[in-house]
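Read the structure below first, then the notes.
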Amino acid sequence: MSNKNTNSQRKRKKAKKNPKVTLIACLVAICVVVVMIFAIDGAITGMYQEGEEVPVDLRTPEEIQDDVVNLLVCGIDMEEGRDTYKTDVIIYVTMDLKGGTIKALQIPRDTFVGEPSKTGKINGVYADGDNSNNIINLIETLNERFGLTVDHYATLDMEAFIDMVNWIDGGLDMYVPRKITIVDKETGKEETIIGEPGWYKVSGELAEAIVRNRNYAGGDTTRLEVQGYFYASVIKYFKDLGVSDMLKNLPRFTPYITTDMHWSRIAGLATEALNIEYENMALIKPAIHGYDVKTSKNGVQNLLVIPQEEWLEIINKHFRPYQDPVESLNIDEIDGEIVTDWGATSITVTNIGDLLANAG
């Protein structure tokens, strides 16, 4: 055989792999991936404020946690003249993962619960309770008074509300269901900011004025209706955006949020939510009875009282799937003189599909 053929055969022979080198290379690759994961995890987690976990005894029973997740979402605010923060937006959300539905209970901020709130109103529980982690005060109250369990929470500083809406390119497309007239607290001067119902491209400043306005004949009841259309418009924006783009844009909003959830949990629940049809998403306004009450501590103030039977119907029908029904509420009696009786409202259940259809 010629030397040429011999050299050719040698060239075709594969070099033997050193098993030690291969193992080391694999370990190095794994280490690089792990470091990258931790780096990404740390970077994303650092974009929002990490809150204390909800105590186990206030969460949904472990055996059904794969079927349902209960969330508390609150807007935290310090209006002019206050010396403490309060929860001026309170939404209790039940994601029925097994049934493929989302139901959100809009709890009015003036709802009367008694202690530990100094005013008796539910929006004061946040600052007036015993826990150093204020949101746990509210979670305990929801559990003790209404039998509601909370697995996770997210709070938003309302001062950042404007920035969040302005992050949406060009502003948020929002349907406003009625004329909006605001009143300057100092001068009493009125200004109409929305002349008639319709779709509007709203900036953060305009959106804040719309959702916080209370200058309605129906007071907080009408305010919740207007806020419902805002929530529907936000949901529509994110569903139109799509899951992948929503996750890509999630870091825009996380700096304004405090939550006990890991970012991967947030992303997972957001993805689940966006895959649910509009018709299976419901906003629920509770039955309330409004009064002006004169108390020895706080003078005359507006209080919204809970009709027990109607609230039990809401809670057991919509917010405790796979759990035994709550048989009674634990609400304090009002201690004061009723000055004005504003009357009662009934339960309202509206799905997001109907809201958007009514919006044309």
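Note that the structure is predicted; figures quoted are calculated from it, not measured.
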(message) For the CD atom of Gln227 and the CZ atom of Arg212, what is their distance to the nearest 0.5 Å?
(response) 10.5 Å

(request) Using distance alone, with no hydrogens and no angle criterion, decide if Thr60 and Asp151 have a side-chain donor and acceptor under 3.5 Å apart. (result) yes

(message) So which atom in Pro116 and which in Thr141 form the shortest heavy-atom distance, rounded to 0.1 Å?
(response) CD-OG1, 3.9 Å

(request) Find out whether Ile122 and Thr87 are in side-chain contact, i.e. whether some heavy atom of one side chain is under 4.5 Å from a heavy atom of the other. (result) no

(message) Do Tyr153 and Leu71 make a side-chain contact, defined as non-hydrogen atoms from C-beta onward lying under 4.5 Å apart?
(response) no

(message) Which Ile, Leu, Val, Met, Phe, Trp or Tyr residues join Leu224 in one cluster when any pair of side-chain heavy atoms under 4.5 Å counts as a link?
(response) none

(request) Test Leu138 against Leu72 for side chain to side chain contact (heavy atoms under 4.5 Å, CB included), laying out the working first. (result) CA-CA 9 Å; Leu138 181 55; Leu72 180 63; 3.9 Å; yes

(request) Go through the side-chain N and O atoms of Asp292 and Trp342 and say whether any donor and acceptor fall under 3.5 Å apart. (result) yes

(message) Is there a path of hydrophobic side-chain contacts, each under 4.5 Å between heavy atoms of I/L/V/M/F/W/Y residues, joining Trp199 to Tyr229?
(response) yes

(message) Assigning hydrophobic clusters by single linkage (Ile, Leu, Val, Met, Phe, Trp, Tyr; side-chain heavy-atom cutoff under 4.5 Å), is Leu269 placed with Val93?
(response) yes

(message) Just checking Asp335: does its CG atom have more than 12 heavy atoms from other residues, nucleotides or ligands closer to it than 6.0 angstrom?
(response) no

(message) Checking Asp184 now: which residues fulfil salt bridge (Lys or Arg N to Asp or Glu O under 4.0 Å) with it, not counting sequence neighbours?
(response) none

Got a list of side-chain donor-acceptor pairs under 3.5 Å for residues 317-327, not counting sequence neighbours?
{"residue": "His318", "atom": "ND1", "partner": "Lys103", "partner atom": "NZ", "Å": "3.1"}
{"residue": "Arg320", "atom": "NE", "partner": "Asp324", "partner atom": "O", "Å": "2.9"}
{"residue": "Arg320", "atom": "NH1", "partner": "Gly147", "partner atom": "O", "Å": "2.6"}
{"residue": "Arg320", "atom": "NH2", "partner": "Asp324", "partner atom": "O", "Å": "2.8"}
{"residue": "Tyr322", "atom": "OH", "partner": "Asp96", "partner atom": "OD1", "Å": "2.7"}
{"residue": "Tyr322", "atom": "OH", "partner": "Asp96", "partner atom": "OD2", "Å": "3.1"}

(message) I want to check something: taking the side chain as every heavy atom from C-beta on, are Asn137 and Asp128 in contact at a cut-off of under 4.5 Å?
(response) no

(request) Look at the side-chain heavy atoms of Ile, Leu, Val, Met, Phe, Trp and Tyr, link any pair under 4.5 Å apart, and say whether Leu356 and Leu241 land in one connected group. (result) yes

(request) Please check if the side chain of Arg109 supplies one atom and the backbone of Val89 the other of a donor-acceptor pair under 3.5 Å. (result) no

(message) Within the structure provided, determine whether Ile193 and Ile210 are in side-chain contact (heavy-atom separation under 4.5 Å).
(response) yes

(request) Kindly indicate, with the supporting measurements, whether the criterion side chain to side chain contact (heavy atoms under 4.5 Å, CB included) is fulfilled by Val165 and Ser203. (result) CA-CA 6 Å; Val165 176; Ser203 65; 6.0 Å; no

(request) For side chain to side chain contact (heavy atoms under 4.5 Å, CB included), just list the numbers for Phe146 and Ile331, CA-CA rounded to whole Å, side-chain angles, deciding distance to a tenth of an Å, and then say yes or no. (result) CA-CA 8 Å; Phe146 307 119; Ile331 306 298; 3.7 Å; yes

(message) In the structure I gave you, are the side-chain heavy atoms of Val54 and Ile139 within less than 4.5 Å of one another anywhere?
(response) yes

(request) Using modelled atom types only, decide if a donor and an acceptor are shared between the side chain of Asn215 and the backbone of Thr181 within a distance under 3.5 Å. (result) yes

(request) Heavy atoms only: give me the nearest Ala104-Ile91 pair and the separation to one decimal. (result) CB-CG2, 3.8 Å

(request) Tell me whether Phe161 is reachable from Val176 by hopping between hydrophobic residues (I, L, V, M, F, W, Y) whose side-chain heavy atoms are closer than 4.5 Å. (result) yes

(message) Given 3.5 Å as the limit, does a donor-acceptor pair link the side chain of Lys121 with the main chain of Asn302, or not?
(response) yes

(request) Inspect the surroundings of NZ in Lys294 and state if more than 12 heavy atoms from other residues, nucleotides or ligands are less than 6.0 Å away. (result) no

(request) Tell me whether the centres of the aromatic rings in Tyr237 and Tyr175 are closer together than 6.0 Å. (result) no

(request) Just do the salt bridge (Lys or Arg N to Asp or Glu O under 4.0 Å) check on Arg59 and Glu53 with the steps written out, would you? (result) CA-CA 10 Å; Arg59 299 182 209 166; Glu53 288 188 355; 3.5 Å; yes

Side-chain donor-acceptor pairs under 3.5 Å in residues 304-311, sequence neighbours left out?
{"residue": "Gln308", "atom": "OE1", "partner": "Leu329", "partner atom": "N", "Å": "3.0"}
{"residue": "Trp311", "atom": "NE1", "partner": "Ala287", "partner atom": "O", "Å": "2.7"}

(request) Give a yes or no on whether Val211 and Trp167 share a hydrophobic cluster (residues Ile, Leu, Val, Met, Phe, Trp, Tyr; joining criterion: side-chain heavy atoms under 4.5 Å apart). (result) yes

(request) Heavy atoms only: give me the nearest Ile338-Asp341 pair and the separation to one decimal. (result) CG2-N, 4.5 Å

(request) Apply side chain to side chain donor-acceptor pair (under 3.5 Å) to Glu225 and list each qualifying residue two or more places apart in sequence or on a separate chain. (result) Arg178

(request) Answer yes or no: is there an ion pair linking Asp173 with Lys236, defined by an N-O contact shorter than 4.0 Å? (result) no

(request) Using modelled atom types only, decide if a donor and an acceptor are shared between the side chain of Asn316 and the backbone of Leu312 within a distance under 3.5 Å. (result) yes

(message) I want to check something: taking the side chain as every heavy atom from C-beta on, are Tyr92 and Val150 in contact at a cut-off of under 4.5 Å?
(response) yes

I'd like a table of donor-acceptor pairs (distance under 3.5 Å, sequence neighbours excluded) in which one partner is a side-chain atom from residues 271-285, with atom names and distances.
{"residue": "Thr271", "atom": "OG1", "partner": "Ala267", "partner atom": "O", "Å": "2.8"}
{"residue": "Asn275", "atom": "ND2", "partner": "Thr271", "partner atom": "O", "Å": "3.1"}

(message) Check whether Thr192 reaches the backbone of Gly195 with its side chain - one donor and one acceptor, N or O, closer than 3.5 Å.
(response) no

(message) Just verifying a value: how many Å separate Ile136 CD1 and Asn143 CG, rounded to the nearest 0.5 Å?
(response) 11.0 Å

(request) Ignoring hydrogens and angles, tell me if any N or O in the side chain of Asn134 forms a donor-acceptor pair with the backbone of Tyr126 under 3.5 Å. (result) yes

(message) Can you confirm whether more than 12 heavy atoms, excluding those of Glu63, are under 6.0 Å from its CD atom?
(response) yes

(message) Determine whether Glu313 and Ile347 satisfy the following criterion, side chain to side chain contact (heavy atoms under 4.5 Å, CB included), listing intermediate values before the conclusion.
(response) CA-CA 9 Å; Glu313 178 186 341; Ile347 300 167; 3.9 Å; yes

(message) Is it the case that the side chain of Thr259 and the backbone of Met261 share a donor-acceptor pair, with hydrogens and angles ignored and the cut-off at 3.5 Å?
(response) yes

(message) Minimum heavy-atom separation for Ala232 and Leu355, please, with both atom names.
(response) CB-CD1, 4.0 Å

(message) Tell me the closest heavy-atom pair linking Ile162 and Glu208, and the distance in Å.
(response) CD1-OE1, 3.3 Å

(request) Without swapping roles, check the side chain of Glu144 against the backbone of Asn330 for a donor-acceptor pair under 3.5 Å. (result) no

(message) Show the nearest heavy-atom pair for residues Tyr216 and Ile180, with the distance to one decimal.
(response) OH-CD1, 3.2 Å

(request) Look at Arg214 together with Asp110 and state whether they make a salt bridge at an N to O cut-off of under 4.0 Å. (result) yes

(request) Check whether any side-chain heavy atom of Phe112 sits under 4.5 Å from a side-chain heavy atom of Ile334, and report yes or no. (result) yes

(message) Between Asn70 and His152, do the side chains contain a donor N or O and an acceptor N or O under 3.5 Å apart?
(response) no

(message) Within the 4.5 Å heavy-atom criterion, are Ile266 and His262 side-chain neighbours or not?
(response) no

(message) With rounding to the nearest 0.5 angstrom, report the CD1 to CG distance, Ile90 to Asn123.
(response) 6.5 Å

(request) Indicate yes or no for a side-chain donor-acceptor contact from Thr111 to the backbone of Pro108 under 3.5 Å, with no hydrogens or angles considered. (result) yes

(message) As an exercise, state the distance from CD1 of Ile76 to CD1 of Ile135, rounded to the nearest 0.5 Å.
(response) 5.0 Å

